[in-house]
Amino acid sequence: MEKQMLRAVLKRLREKNLLLECNKEVDKEYEMGAVLKHFNNKRPILFNKIKNSQISSIGGLYGDREIIYNLLNINHENRIEKFMDAIVNPEPYKILNNGPIKENIIKRNIDLQKLLPINKFQEKDSSNFITAGVMVVKDPTTGKHFTSIRRLQVNGGNKLSALIASPKLTKDFLKLEKQGKPLEVAIVFGYDAEFLMASQISSATYGIDKYEIDSRLRGEPLELVKCETIDLLVPANAEIVLEGKIIPGKRETEGPFGELMGYYGHIAPHPIIEIDAVTHRNNPIYQTAFPCREEHVSNGLIREIELYYHLKNQLDIVDVYVTEGGGYRFNAIISIKKQKEGDAKTAILASLGLNKDLKQVVIVDEDVDIFDPQDIEWAITTRSQASLDYVIVQGALGSSLEPSHDLRGITDKVGIDATKPLNDEKEKFSRAIIPGYDKIDISKYFPNI
C-alpha cells in the first residue's frame, strides 16, 4: 500500500471526493492551463489523456489551504504549532536500497519535451515551463539536503534554464562556479503535502535538512533512494526525477513568463541545467501547477508562521493571514487582542520590518474575521482614519515579483490600524449582535438547502 508521495495523496483525494478526473484529450499548451484556471487552481485535476503524450498529468493539487490541512491531518487552529514543531524537532529520514522511482532509468537521448507533457501556460511565455518540480540540492559544506520549487524553462533536448532566485542557492552555485565546478541537482515530481511544505521552509533562516523536517511532519521517516548519476537522495516513491547539473559559466536567456501576480516577469540570462538521467515509475504521473498559485499557497502558510512568531513576543496575537489577493506574500491581515493603544502601531512596524516582500498590513481586533474581505473592509472603513491610523514607509526595498516596485526599484509600504479604541465607554464600536445567531441551524427552516 502506498504511504508516501503522490499515489498516497490520490487515494485520499478519491476517498474524500476531492479529485476531478478529465478523460477528454487536452493540449498541454494553453488548454490545460485554462481548465486549471477555471477552478481558480484550487481543485486537484488528473488529466488522463494529453495530446501527443503517453503520460498523464495532475495540476491544482495544492492550491487550496483546506486540502493541505486535510492531507496533513491538521487544522487551521493548530497549523502554526505543527509546522514550528517540525522546524524545532527534525527527525531522521530512511535510505532504501531501491524504490518504485527506479522502475525505469533513462540515460541516453534525453529529450524532455518529448518525454514529458511540459506545459506552456500563457500567450507570451518564451517556452514551455516546468512549474511544480521540487529542486533538490546538497549544501556543499554541511551535506544537508535543501529543497525548493523552481521554475524551469525548457531549452530543447536535455537542457533547462533555471531561475535560482534563492539567496542561499545562488550563493552556493556562484561559489562552486568560481572553482569551475557544477552544482548537482535533482528535480522531483509526484510528491505529497509533507514534502511540499518542507520545501517552503527557509534554508537560509533555519539551516535544517529539509528531509528531516519532512520526516517530522509525516510522523515517520521519509523514504529515500540514491540517484543514479549524482550524489543526491530523492523520494523512493516519487513519480519522476530528473538528475542533472547546473553548469558553470553557461547562461541562456529566460523569459518572459507569466508570474505570480498575473504579469510577465523579466527577460534575463540564467544558469543552465543539463539533465543526465531521468528515472520514473511505471505509468508515471507528471506534476504541474498553473503559475504560480500552488507553490505560493504553501509558501504563504510558512510566512504566516514566521510572522506569527515574530509578533508573538511583542503582542497578544490571535491569528495571521498572508492573503491570496496579495500573492500569499505581499499583504497580511493580523488579528490582535489589544492591550495598549500602541499595540497596533507596534504590530505594523514589526510586520513591515520582517521581510522585504510584505507591502501592506492591516491590524484588526479579534472580533473581525481576517479571512472575510468584507469584514476587513468594514473594519478599515469604521475603525480607522487615514491621518491618524495609516503608517506609510517610503522608498523601502520590495520584490521584483511586484511590478510597481520595479518602476523605481523601491516600494512604499503601508500599515493600517483598523482596531477600535480601548476607551470605548459609550460602546460606539461594539458590533450589533443577534443572540443565538452562531447556533442557528438553517436546515431546520429550509431542509433542501
- What residues, two or more places apart in sequence or in another chain, satisfy salt bridge (Lys or Arg N to Asp or Glu O under 4.0 Å) together with D85? R216
- Message: If the condition is salt bridge (Lys or Arg N to Asp or Glu O under 4.0 Å), which residues does K3 pass it with, not counting sequence neighbours?
- Response: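 In terms of salt bridge (Lys or Arg N to Asp or Glu O under 4.0 Å), with neighbours along the sequence ignored, K3 is linked to E220.
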Is there a donor-acceptor contact under 3.5 Å linking the side chains of [X] and [Y]?
X	Y	answer
E91	N89	no
S203	K168	no
D412	Q394	no
Q113	N128	yes

Ion pair check, [X] and [Y], cut-off under 4.0 Å:
X	Y	value
E177	R251	yes
E212	K94	no
R431	D375	yes
K51	E31	no

Extract all donor-acceptor atom pairs below 3.5 Å that involve side chains of residues 442-449 and protein atoms in other chains or at least two apart in sequence.
unit_1, atom_1, unit_2, atom_2, d
S443, OG, D441, OD1, 2.6
S443, OG, D441, OD2, 3.3

Just jot down the side-chain contact (heavy atoms from CB on, under 4.5 Å) partners of [X], sequence neighbours excluded, or say none.
X	result
L349	V391
D64	K42, E66, I67
E306	S202, Y206, I302
N23	N48

- Task: Would you indicate whether the side-chain heavy atoms of R218 and N73 approach each other to under 4.5 Å?
- Result: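 Of all side-chain heavy-atom pairs linking R218 with N73, none is under 4.5 Å.
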- Can you check whether V241 reaches F189 side chain to side chain, under 4.5 Å on heavy atoms? no
- Task: Just jot down the ring pair (Phe, Tyr, Trp, His ring centres under 6.0 Å) partners of Y321, sequence neighbours excluded, or say none.
- Result: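 Partners of Y321 by the ring pair (Phe, Tyr, Trp, His ring centres under 6.0 Å) criterion, ordered by chain and then number, come out as F371.
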- Item | Which residues share a ring pair (Phe, Tyr, Trp, His ring centres under 6.0 Å) with F121, sequence neighbours left out | F290
- Atom pair CE (M84) and OH (Y308), whose distance is rounded to the nearest 0.5 Å: 10.5 Å
- Walk me through it: do R329 and D357 pass the test salt bridge (charged side-chain N to carboxylate O under 4.0 Å, His left out)? CA-CA 6 Å; R329 66 169 59 200; D357 290 346; 3.2 Å; yes
- Query: What's the verdict on side-chain contact (heavy atoms from CB on, under 4.5 Å) for V322 and N331, showing C-alpha distance, side-chain angles and the deciding distance?
  - Reply: CA-CA 6 Å; V322 178; N331 300 340; over 6 Å; no
- Message: Applying salt bridge (charged side-chain N to carboxylate O under 4.0 Å, His left out) as the test, list every pair that has at least one member in residues 309-321; sequence neighbours left out.
- Response: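 The answer is R79-D319.
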- Message: Give me each pair satisfying salt bridge (charged side-chain N to carboxylate O under 4.0 Å, His left out) with a member in residues 380-398, each pair once, sequence neighbours excluded.
- Response: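 Checked against salt bridge (charged side-chain N to carboxylate O under 4.0 Å, His left out) - neighbours excluded - the pairs reaching residues 380-398 are K345-D389, D365-R383, D367-R383.
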- Query: Parallel under 30°, tilted from 30 to 60°, perpendicular over 60°: which one fits the rings of H145 and Y211?
  - Reply: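 Parallel.
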- Message: So, using side-chain hydrogen bond (donor to acceptor under 3.5 Å, both in side chains) as the criterion, who are the partners of K11 when residues are at least two apart?
- Response: E15
